[in-house]
Protein chains: 2
Amino acid sequence: MITNNKNRGSIERITCQKEIILDYLKSVKTHPSAELIFREVRKKLPRISQGTVYRILNNLKNKDKVKAISVGGITHFDGDVSSHAHFICQECHNIYDIFDICQECQIIKEQKLKVGKIKNYQIYFYGYCKKCRAKMPRLPKKDSNRK
Amino acid sequence: MITNNKNRGSIERITCQKEIILDYLKSVKTHPSAELIFREVRKKLPRISQGTVYRILNNLKNKDKVKAISVGGITHFDGDVSSHAHFICQECHNIYDIFDICQECQIIKEQKLKVGKIKNYQIYFYGYCKKCRAKMPRLPKKDSNRK
DNA sequence: TTTATTATTAGTAATCATTATTATTTAAAT
DNA sequence: ATTTAAATAATAATGATTACTAATAATAAA
């Protein structure tokens with residue numbers, strides 16, 4: 001029989017796993033990894049599996065409900081989807097939010113390039129944050145061989 | 001006995017593996033992954049190992065001889081270390097160079113932020129390139145569940 | 001409310017890029 | 001030529017992420 005559902009194909013279901021993961025990401029100012037999100041969410045849902053966390057995070061990302069930030073091969077997630085950049089400390093690996101940058105760049109405002117239209121963008125700044133700089137007696141060696 | 005070598009600590013040796021990898025990266029306009037670099041370099045050095053390629057690429061990156069570009073969990077390398085951004089096509093996954101952006105942004109020019117000094121940065125634009133757009137009858141669905 | 005349907009999940013195994021290890025090789029200093 | 005330690009090749013290990021499958025549970029239909 002014919003359904004009245006306007007959605008073609010699969011219907012999205014509301015589950016508490018989705019809600020708790022999104023609520024957690026909206027509640028924190030940090031940028032947790034999937035692994036950390038899994039550990040935190042498991043406090044509320046002890047039976048949740050890692051695969052579920054990864055799948056839900058990917059779905060949220062694809063729906064632009066969260067942003068993904070790649071740091072040293074690990075994906076971190078940001079519940080704040082407003083336009084902003086990130087500063088990543090090469091010592092403590094903390095991720096800092098940088099607002100007030102995107103309205104300056106004409107390219108970002110126009111969202112157009114010769115090669116194609118910009119759907120999305122990511123800006124990463126790297127350096128040593130002031131906290132870490134204060135702790136350093138000298139600057140670290142350039143080729144530390146570490147990622 | 002005391003050495004006259006100005007370098008503190010380890011001495012860097014010149015090897016053909018390093019030279020061939022860097023020459024390859026300088027010669028191409030594309031942005032190959034470590035895996036592809038390994039396959040290409042092996043044509044000249046059939047006995048080179050993957051570990052060597054990864055280590056040399058990391059060293060080159062740490063010495064700012066090459067740039068690393070992270071796309072979908074895979075690290076790609078760019079022999080052009082001049083200031084430029086990248087446009088990544090979400091369909092064909094090609095990486096396009098975008099020049100003429102960095103001189104616009106005051107923050108990038110000043111290299112200073114409240115949180116710390118900018119040593120380095122990466123700008124990624126995402127979208128569908130014109131080539132792929134021409135092939136598409138309609139826009140793809142948002143949540144394709146693919147990375 | 002009960003039943004049927006199927007999206008979603010939990011648990012686990014598999015994948016795959018990258019890193020670590022170690023014996024061997026080799027560039028360069030003596 | 002000999003020495004020495006940096007670099008390599010080969011291989012194993014790691015670890016984040018994905019794939020798979022049987023069980024569960026959110027909706028729709030009866």
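The chains referred to below are lettered A, B, ... by the order of the sequence lines, with proteins before strands, and numbering in each begins at 1.
If you check every strand for non-hydrogen atoms under 4.0 Å, A/Ile56 touches sugar and phosphate atoms only. Here B/Thr15 lies in heavy-atom contact (under 4.0 Å) with sugar-phosphate atoms only.
Placement of B/Ile118 and B/Ile123 within a single hydrophobic cluster is found when ILVMFWY residues are connected by side-chain heavy-atom separations under 4.5 Å, directly or transitively. Both B/Ile48 and B/Val28 are members of a single hydrophobic cluster when ILVMFWY side chains are connected at heavy-atom separations under 4.5 Å.
Distance B/Asn59 CG to D/dA6 C1': 11 Å, rounded to the nearest Å. Atom CD1 of B/Ile14 is separated from atom C1' of C/dA28 by 10 Å (rounded to the nearest Å). To the nearest angstrom, P of C/dA29 lies 9 Å from CZ of B/Arg13. Between B/Tyr54 atom OH and C/dA17 atom P the separation is 7 Å, expressed in whole Å. D/dA7 atom P lies 12 Å from atom CG of B/Leu60, rounded to whole Å. The distance between atom CD of A/Glu35 and atom P of D/dG15, rounded to the nearest whole Å, is 11 Å. One interatomic measurement links the two molecules: CD of B/Gln50 to P of C/dT21, which rounds to 18 Å at whole-angstrom precision.
Not a single donor-acceptor contact under 3.5 angstrom links the side-chain atoms of B/Arg55 to the base of D/dA7.
Contact between the side-chain N/O atoms of B/Thr75 and the OP1/OP2 oxygens of C/dT18 is found at a separation under 4.0 Å.
Counting only residues at least two apart or in different chains, salt bridge (Lys or Arg N to Asp or Glu O under 4.0 Å) contacts with residues 18-28 of chain B comprise B/Glu12-B/Lys18.
For A/Ser82, the side chain to side chain contact (heavy atoms under 4.5 Å, CB included) partners at least two apart in sequence or on another chain are A/Asp80, A/His84, A/Phe99. B/Lys67 meets the side chain to side chain donor-acceptor pair (under 3.5 Å) test with B/Asn120; sequence neighbours excluded. Scanning for side chain to side chain contact (heavy atoms under 4.5 Å, CB included) contacts around A/Phe77 gives A/Leu25, A/Ala34, A/Ile37, A/Leu57, A/Val66, A/Ala68, A/Thr75, with sequence neighbours left out. With sequence neighbours excluded, no residue forms a salt bridge (Lys or Arg N to Asp or Glu O under 4.0 Å) with A/Arg13. Shown here are the side chain to side chain donor-acceptor pair (under 3.5 Å) partners of A/Ser49, two or more places apart in sequence or in another chain: A/Thr52.
Remark: A/Gln17, A/Lys18 in residues 16-26 of chain A come within less than 4.0 Å of DNA chain C through at least one heavy atom. Contacts of residues 38-49 of chain A with DNA chain D (heavy atom under 4.0 Å): none.
Atom CD1 of A/Ile20 is separated from atom OG of A/Ser27 by 11.5 Å, given to the nearest 0.5 angstrom.
Residue B/Ile95 belongs to a hydrophobic cluster whose other members are A/Ile69, A/Val71, A/Ile88, A/Ile95, A/Tyr124, A/Tyr126, B/Ile69, B/Val71, B/Ile88, B/Tyr124, B/Tyr126, with links defined by side-chain heavy atoms closer than 4.5 Å. Residue A/Ile14 shares its hydrophobic cluster (ILVMFWY side chains chained together at separations under 4.5 Å) with no other residue.
Under a 3.5 Å cut-off, the side chain of A/Ser70 and the backbone N or O of A/Gly73 do not form any donor-acceptor pair.
Residue B/Ile74 is the one, among B/Gly51 and B/Ile74, whose nearest nucleotide of DNA chain C lies closer to the 5' end (criterion: closest heavy atom).
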Could you list the protein-to-nucleotides 20-23 of chain D atom pairs, N/O on both sides, closer than 3.5 Å?
none

Test side chain to side chain donor-acceptor pair (under 3.5 Å) on B/His31 and B/Asn94; report intermediate values, then the result. CA-CA 8 Å; B/His31 306 79; B/Asn94 268 354; over 6 Å; no

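Ring centers of B/His86 and B/His76: at least 6.0 Å apart, outside the cut-off.
With the end axes of the helix from C/dT1-D/dA30 to C/dT30-D/dA1 each set by five pairs, the angle from one to the other reads 30° at 10° resolution.
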